[in-house]
2 protein chains.
Amino acid sequence: MVGIDDVARRAGVSTATVSRALSGRGHVATATRERVEEAAAELGYVVSASASSLATGRMRNIGVVVPFLNRWFYTSVLEGAQRRLMQYGYDLTLYNLSGSSNERSTVFETFLLRQRVDAVIAVSLELSAEEVDSLHALGKPLVGVGGPIRGVPTVSIDDVGVTRLATEHLLSLGHTVIGHIGGDVDAEMSFHMPTNRRLGWEDALRDAGVEPRPELYSPAVFTMQSGYVAAKQMLGDPRLRPTAVVVASDEMAIGVILAARDMGLDVPRDLSVVGIDDHELAPFFGLTTVAQFPEQQGERAVELLMRELDQSRDDEPANLQLPFELIVRSSTSRPRPEREQRG
Amino acid sequence: MVGIDDVARRAGVSTATVSRALSGRGHVATATRERVEEAAAELGYVVSASASSLATGRMRNIGVVVPFLNRWFYTSVLEGAQRRLMQYGYDLTLYNLSGSSNERSTVFETFLLRQRVDAVIAVSLELSAEEVDSLHALGKPLVGVGGPIRGVPTVSIDDVGVTRLATEHLLSLGHTVIGHIGGDVDAEMSFHMPTNRRLGWEDALRDAGVEPRPELYSPAVFTMQSGYVAAKQMLGDPRLRPTAVVVASDEMAIGVILAARDMGLDVPRDLSVVGIDDHELAPFFGLTTVAQFPEQQGERAVELLMRELDQSRDDEPANLQLPFELIVRSSTSRPRPEREQRG
DNA sequence: GCGGCGATTGGAAGCGCTTGCGTCGGCGTG
DNA sequence: CACGCCGACGCAAGCGCTTCCAATCGCCGC
C-alpha cells in the first residue's frame, strides 16, 4: 500500500508538505505542489480515509436516514443528496428504517453514534427530542427534509400551499364540488404533512366561499391501491360525486384515475384529478399535478449541512421552503355543464 | 469525547484489556469483561471508527454501486443488502451512477479506492476488467448482483429460465401465438439480461414446436410508458395479434395492460399478459408474473461478501442462482376459442 | 514438590495522517 | 544597511485504537 511517505520521498519533500500540498491547506510553493501532485499521481496514491479521519476528526461522510426506500420521494431525495455530496467529496451512508421495528433504535443508538458520520440528514422523520439531542451532544449537525423538527434546520415545501394551489387551479376552472383524498395521519411517519395538505384544500375552498364538505375528504395511505379504493368509495354515489379531486400524491392520484375509468367515468370530462409530486409516471397518465422537486430538496439539505459543518453554527436553524409548481396536463378541465352532468 | 482510556480507568484495567473485552477477541476473564462492559455502558463509550479502522485496516463498511435509484429492483436489492449488513454491524455507503455521465469514473477512481470500504457490491453493472482489477489490486472483494461478471462471484436469477417459465405457463393454458416485449439491449446497462429473457421465450416456444415469430418480439426500455408504446404497436393489427405476451418486467407489463384497455381489449379474455418481477404494483393490476426476490438477492450478496471477507478467498468465484416463482393472478387465462377470437 | 502450560493482563509500538511550532531565507521598510 | 515579517517547509507529537510480546499466576501431571 503506497503511503504518504512514499510520495514524500519521491517528491523530495517532507510528509507534512505532501499533506499540505494535497489537501490545499497551508502554504506550499506552486512548484512544490506540482511536484507532489505528480508524484502522487504516478504512485496512484490515495489518502487513507481512516488515518486522515483520526487525525482531523472528520469523516467526510454523512448519514442519511430514510423511513422507506421503495418510494419515489425518498429515492429522489437520496439521489439529489448523493449527487451533491459527491461533488463536495463526501460519501453517503444509508440507513433505512423500514426493516425490523427496532431498527430505528439500533440506527440511532449504535450506528449514528459510532463516529462514522459527520452529520445526518433525516428524511421525512419525526425525530424525538432525545434523538436530536444525542446527535447534537456529539457535535453532529442534523438537518431534516420534509416537515419541521424542533431546533433543527429543515428543507421542505409548504404543504398547505401545495394543496391550496391545486385546489385553486380546480376552482379557477369552475369546479366547486371538490374532494380531497389525502394521507392517513396514523399510517405514515411524516407527521404533519397529511394534515397540512388537507388544510390547504380547506383553506382554498373557504377563501372561495365554499365550505369543505367532510364527506368529500377521504383518508388513504400513499399508495396507488389505496387511492383507488378511496376513489371508488368517494365516487360511488353519483349524486354526491365531486366534479374534481385534489389528491395528496401522484401515486394515489393515478389510483384515482384508474378507479374512475373502471367506473366508466371519463377523466377529465366527468372528473378532474390533480395530484402532487410530479412523479415519473405522471406524464404517462396525463396527470395534472403540483410538482415538488425532491432531488432539489436533497441537494439543498446537503448545502445546509455543509454550511453548518464549515462555519461554527452561528445562525439559528433555518427553515428552507422550497418551490413547487403547478403542471397542467390532461387530467383537469372545466366541469361539464350542470344539466349535462346530471344526465 | 469519552475514549478507551476513560473506560480502562473506570474498570481498573488496561486499555488493551478493554479493547479485548469489547471486541471479543483474545481471552478475557468473564468477571473482567463484565466490569468493562459495565463501565463502557455507564460512560456511553463507543469505539472510534476511524481509530479502530486505522489500527485494524478494516472499515466495516461496504460500498454498493447502483446504476439507478428510482427503480423498484435496485431499491429492493439495496433494502435487502442494507438489512443484512446492519445485522453484521456493517455500514452501507451508496454510490449512484445515474448522475452525470462521468460519475462512473469518479466513483471508481476516487471514491471506491479511497480506502473507505472493505468491499463492494455492484448491482446490475457490467464492470470492465480494469474496474474489477483495480478493486482486486487493493484487496477489496467484489460481488455482483444480476448478470455474471468475469472472475467475480455473483448472485442472480436464471434469466432464460424466468421467461421460459412465463412462456410455458402461457403454453399450458393453450396459447400458441405468444409475443414478447423485452429489454432493449442498448438502452440498459444490465447487459445480457434482456437477451437472455428473449432466449427463454424462444426456447420455450421451440420446445413446444412453435417457431417464434420475429414480428412478435418488440424491444422496449424497462418503463411502463415504453411497454405501453410497444404494446400499442404489437397489438395494432388484429390479424397479427398474439393472444398472449410475455413481458420482461412488471412495469412494462402494466403498460401493456393499460394499452390493451385503451384499445378496447379485455385482459385476459382477449390478451393474456405475464410479467416478471412481482413488483409492488403487480397485485393491484392483477398481473400474473414470475416473481424474483431482489431483497433476497441483496441479502445473499452480502453473505457472499462476508464469506470472502472472513476466509482467505479459497474457493473460486461462485455464481449463486436464486429462485424465482410463477404467481398466477388474473391477467392470464385460456385463449378465446378460435372462431370467437376472430369475431 | 517442581517444571510447564495456558489463561490473563499490561506495556508499548505502531496504524498513516495532520498540524502546531520552529527554522531558514528573501524581501520590504525606516 | 539592519530589522522584522512572512512565505515555505521540516520535525515530531499526537489522533484513539489494536495487538504482539512479555510478565504473572494458578493449576495439572509426574
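Bear in mind the structure is a predicted one, so any value in this text is a computation, not a measurement. Every chain is numbered from 1 and lettered A, B, ... according to where its sequence line falls, protein lines coming before strand lines.
- The CZ atom of B/R25 sits 6.5 Å away from atom OG of B/S19, with the distance rounded to the nearest 0.5 Å.
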Tabulate below the donor-acceptor pairs under 3.5 Å that side-chain atoms of residues 56-65 of chain A make, not counting sequence neighbours, or state none.
from	atom 1	to	atom 2	distance (Å)
A/T56	OG1	A/S52	O	2.8
A/T56	OG1	A/R58	N	3.1
A/R58	NH2	A/Y90	OH	3.3
A/R60	NH2	A/Y88	O	2.9

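- Nucleotide C/dC17 holds its P atom 14 Å from the CZ atom of B/R116, rounded to whole Å.
- Of the N and O atoms on the side chains of B/T17 and B/S14, at least one donor lies less than 3.5 Å from an acceptor on the other residue.
- Side-chain N/O atoms of B/T17 include one lying less than 4.0 angstrom from OP1 or OP2 on C/dG10.
- Among the protein residues, A/A16 comes within range of the nucleic acid bases, having at least one heavy atom under 4.0 Å from a base atom.
- Contact between the side-chain N/O atoms of A/S52 and the OP1/OP2 oxygens of C/dC17 is not found at any separation under 4.0 Å.
- Protein atom CG of A/L22 is 15 Å distant from nucleotide atom C1' of C/dT19, rounded to whole Å.
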Go through the steps for A/E303 and A/R300 under the test salt bridge (charged side-chain N to carboxylate O under 4.0 Å, His left out), then give the verdict.
CA-CA 5 Å; A/E303 288 160 15; A/R300 304 307 297 272; 3.1 Å; yes
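- Smallest separation of non-hydrogen atoms from B/P141 and B/D118: CD-O, 3.3 Å.
- In this structure, A/H27 atom NE2 and C/dG20 atom C1' are separated by 14 Å, rounded to whole Å.
- Comparing B/R35 and B/L54 by the nucleotide of DNA chain C whose heavy atom lies nearest to each, the residue mapping closer to the 5' end is B/R35.
- Counting any heavy atom pair closer than 4.0 Å across all strands shown, B/V18 reaches no nucleic acid atom.
- The nucleotide range of DNA chain D contacted by chain A, defined by atoms under 4.0 angstrom from heavy atoms of the protein and reported 5' to 3', is D/dA8 to D/dG16.
- Counting any heavy atom pair closer than 4.0 Å across all strands shown, B/S19 reaches a base atom.
- Atom CZ of A/R20 is separated from atom C1' of C/dC21 by 11 Å (rounded to the nearest Å).
- By the 4.0 Å N-to-carboxylate-O rule, A/D6 lies close enough to A/R9 to be salt-bridged with it.
- The shortest heavy-atom contact between B/G44 and B/V2 is O-CG1, 4.2 Å.
- Residue contacts for A/T32: at a heavy-atom cut-off of 4.0 Å it reaches the sugar-phosphate backbone alone, with no base atom in range.
- DNA chain C is contacted by both B/T56 and B/T15; B/T15 maps to the nucleotide lying nearer its 5′ end (nearest heavy atom per residue).
- Between B/I4 atom CD1 and C/dA12 atom P the separation is 16 Å, expressed in whole Å.
- Comparing C/dT9, C/dT18, C/dG14 against the side chain of A/R25 picks out C/dT18 as the nearest.
- Rotation axes derived from the C1' atoms of the five outermost pairs at either end of the helix from C/dG1-D/dC30 to C/dG30-D/dC1 lie 30° apart, to the nearest 10°.
- There is no side-chain donor-acceptor pair under 3.5 Å between B/T15 and B/D5.
- Considering B/T75, B/N70, B/N96 as possible partners of A/T75, the one that fulfils the side chain to side chain donor-acceptor pair (under 3.5 Å) test is B/N70.
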